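Just the heavy atoms: all of them, side chains too, but no hydrogens, waters or symmetry mates, feed the values below. Throughout, a chain's letter reflects where its sequence line sits, starting with A, and its residues are numbered from 1. Given the structure is predicted, the values throughout are model-derived calculations rather than measurements.
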Amino acid sequence: MNNKQEQQENHLQEEVPGGVPIKMWTRGVPVEDAARRQLANAARLPIVFKHIAAMPDVHLGIGATVGSVIPTLRAIIPAAVGVDIGCGMMAAKTTLRAEDLPDNLAPLRSAIERAVPHGRAPGARDPGAWGKVPGSVDTAWAQLEPEFSELCRDYPKLAKTNHRNHLGTLGSGNHFIEVCLDEDGAVWFMLHSGSRGVGNAIGTMFIELAKQDALRHNANLPDRDLAYFEEGARYFGDYVRAVGWAQKFAALNRELMMRRVIEAAKTVIRKNFQSHIEAVNCHHNYVQKERHFGEEVYVTRKGAVSAKAGQLGIIPGSMGARSYIVRGKGNPESFESCSHGAGRVMSRGDAKRQFTLADHRAATEGVECRKDKDVLDETPAAYKDIDAVMAAQQDLVEVLHTLKQVVCVKG
DNA sequence: ATGTCC
């Protein structure tokens, strides 16, 4: 990476017997053997086009590897998209400066927590859903409703999911809302969420249908989770419609939350300010039709972000680390993609066993965020070093802004 | 990540 030639050919290539090659942007970052084996499984599918690209945050997932880009010809693997359809990031720059923020950030964090439902349903009362759906959410739902009703005619179980009452809500796990400062002291708001319960139901249902289809047709798959629909087959068109709809839901979900976060901030910050001076809203878990190497292909980015030339993206660090607003370089070899974060180095269970609350408090010093034992699985040390991850993808993106969080709300 | 009726 120290000279021009290496920057142009920054990736490593692995040949897969009986499959397409794997191109890996993982110079200087650890890759588990299990993740390599999983990438090789996908590379052996007959529908994969040209090669598979692995981003520097690559790690083991279900079926397909998180941090991979899988281009397929006239077919889609629903389990590669996964259940958190349209999961992604949104960031908005404001006219606020660091010095405009109050010394005590706890009221700002509380205001955000009150404005956006978050967390997981513990029984009858669901703090992660709307008690009463706000008017702005109702208006947004009206855009989604007609296509959803059509889907429900063919797949009635989708009607029973949380949809309208989860639009504009955060969810749980690694979904979060942050207030950040960039390298010039400008205040940004940033958040991470997806298509919530309804996207999950769509993903789960079609993954199961693909597996059943594969069994019926005796498909010779290296892993049942890599079952795919081919163009023209029974569920292909329905899946394309449903996954596209869930992706729209997810993008709108983030936009609605961002608006409410800004409104909440205006109630506790005295200075008047404007938002969306620069704004990015990007999926990192999705599929869409794109043109690469002269072919129309379905590109599944599972934990990867689109990085076409000039396109803005977001690469978040973990709780205590920096995040990046990046501009794509349109590298065709990565199918114009980059990483979606730092990537885990250990499972959630291992992190909870290995780290203490004292470790976590030290790692998140100066950040107004949760410091209890239930967020130990999200502690920065459970993730790869973000500097190494960024260095490994210099030929995919350039860094425009470096963001450091000062407030973090976890689901 | 989600929801808890296989």
Side-chain angles (χ1 to χ4, degrees), chain A residues 57 59-68 77-90 116-131 148 151 155-177 191-209 211-212 215 224-225 242-243 245-254 257 282-287 300-304 316 318-319 340-344 346-349 351-352 370 374-378 382-383 408-411:
Chain A
D57 57 343
H59 60 278
L60 195 67
I62 296 169
T65 321
V66 180
S68 69
I77 310 160
V81 181
V83 294
D84 197 359
I85 298 169
C87 185
M89 300 288 311
M90 178 158 184
V116 180
H118 58 282
R120 192 168 149 274
R125 253 206 192 155
D126 185 351
W130 294 110
F148 185 65
L151 283 169
Y155 304 94
K157 73 167 90 161
L158 295 178
K160 294 183 191 148
T161 58
N162 281 314
H163 36 80
R164 177 171 154 274
N165 62 335
H166 269 180
L167 184 58
T169 72
L170 186 65
S172 60
N174 62 1
H175 290 167
F176 62 79
I177 302 171
L191 56 88
H192 175 217
S193 186
S195 55
R196 311 288 282 103
V198 63
N200 188 297
I202 288 170
T204 305
M205 182 177 70
F206 281 101
I207 288 167
E208 191 50 39
L209 288 168
K211 284 183 185 177
Q212 289 170 10
L215 276 183
R224 272 196 73 202
D225 282 321
V243 80
W245 181 86
Q247 287 165 192
K248 270 186 240 166
F249 181 109
L252 201 48
N253 185 35
R254 290 190 289 270
M257 279 189 280
C282 60
H283 299 312
H284 53 221
N285 220 34
Y286 70 112
V287 61
T300 298
R301 295 192 176 88
K302 186 185 184 71
S318 49
M319 281 174 109
H340 83 312
R344 299 195 74 86
M346 66 184 77
S347 71
R348 291 179 184 280
K352 287 196 176 187
R370 277 174 60 183
D374 291 339
V375 293
L376 279 181
D377 55 339
E378 286 289 318
Y383 287 86
C408 177
V409 173
K410 282 275 183 190

Minimal non-hydrogen separation, A/Val66 against A/Gly303, with atom names
CG1-CA, 4.2 Å
Nearest whole Å is fine: how far is B/dG3 P from A/Asn200 CG?
7 Å
Set of salt bridge (charged side-chain N to carboxylate O under 4.0 Å, His left out) partners for A/Lys211, sequence neighbours left out
A/Asp225
Between A/Thr204 and B/dT2, is there a contact of a side-chain N or O with OP1 or OP2 at under 4.0 Å?
no
Send over the distance from A/Leu170 CG to B/dT2 C1', rounded to a whole Å.
13 Å
Mind checking if A/His192 touches a base, just sugar-phosphate, or nothing, with heavy atoms under 4.0 Å?
nothing
In whole angstrom, what separates A/Met205's CE from B/dT2's C1'?
15 Å
Spacing of A/Lys157 atom NZ relative to B/dT2 atom C1', expressed in whole Å:
15 Å
Rounding to a whole Å, what distance do you find between A/Lys211:NZ and B/dC6:P?
15 Å
Nearest whole Å is fine: how far is B/dG3 C1' from A/Leu158 CG?
15 Å
Rounded off to whole Å, could you give me the CG-to-C1' distance for the A/Asn165 and B/dT2 pair?
13 Å
Length of the line joining A/Ile207:CD1 and B/dT2:P, which is rounded to integer Å:
14 Å
In this structure, is the centre-to-centre distance between the rings of A/His118 and A/His175 below 6.0 Å?
no
OP1 or OP2 of B/dT2 versus the side-chain N and O atoms of A/Asn162: is any pair under 4.0 Å?
no
It should be established whether A/His166 places a side-chain nitrogen or oxygen under 4.0 Å from OP1 or OP2 of nucleotide B/dT2.
no
Can you sort out the partners of A/Arg224 under salt bridge (charged side-chain N to carboxylate O under 4.0 Å, His left out), two or more places apart, ordered by chain and number?
none
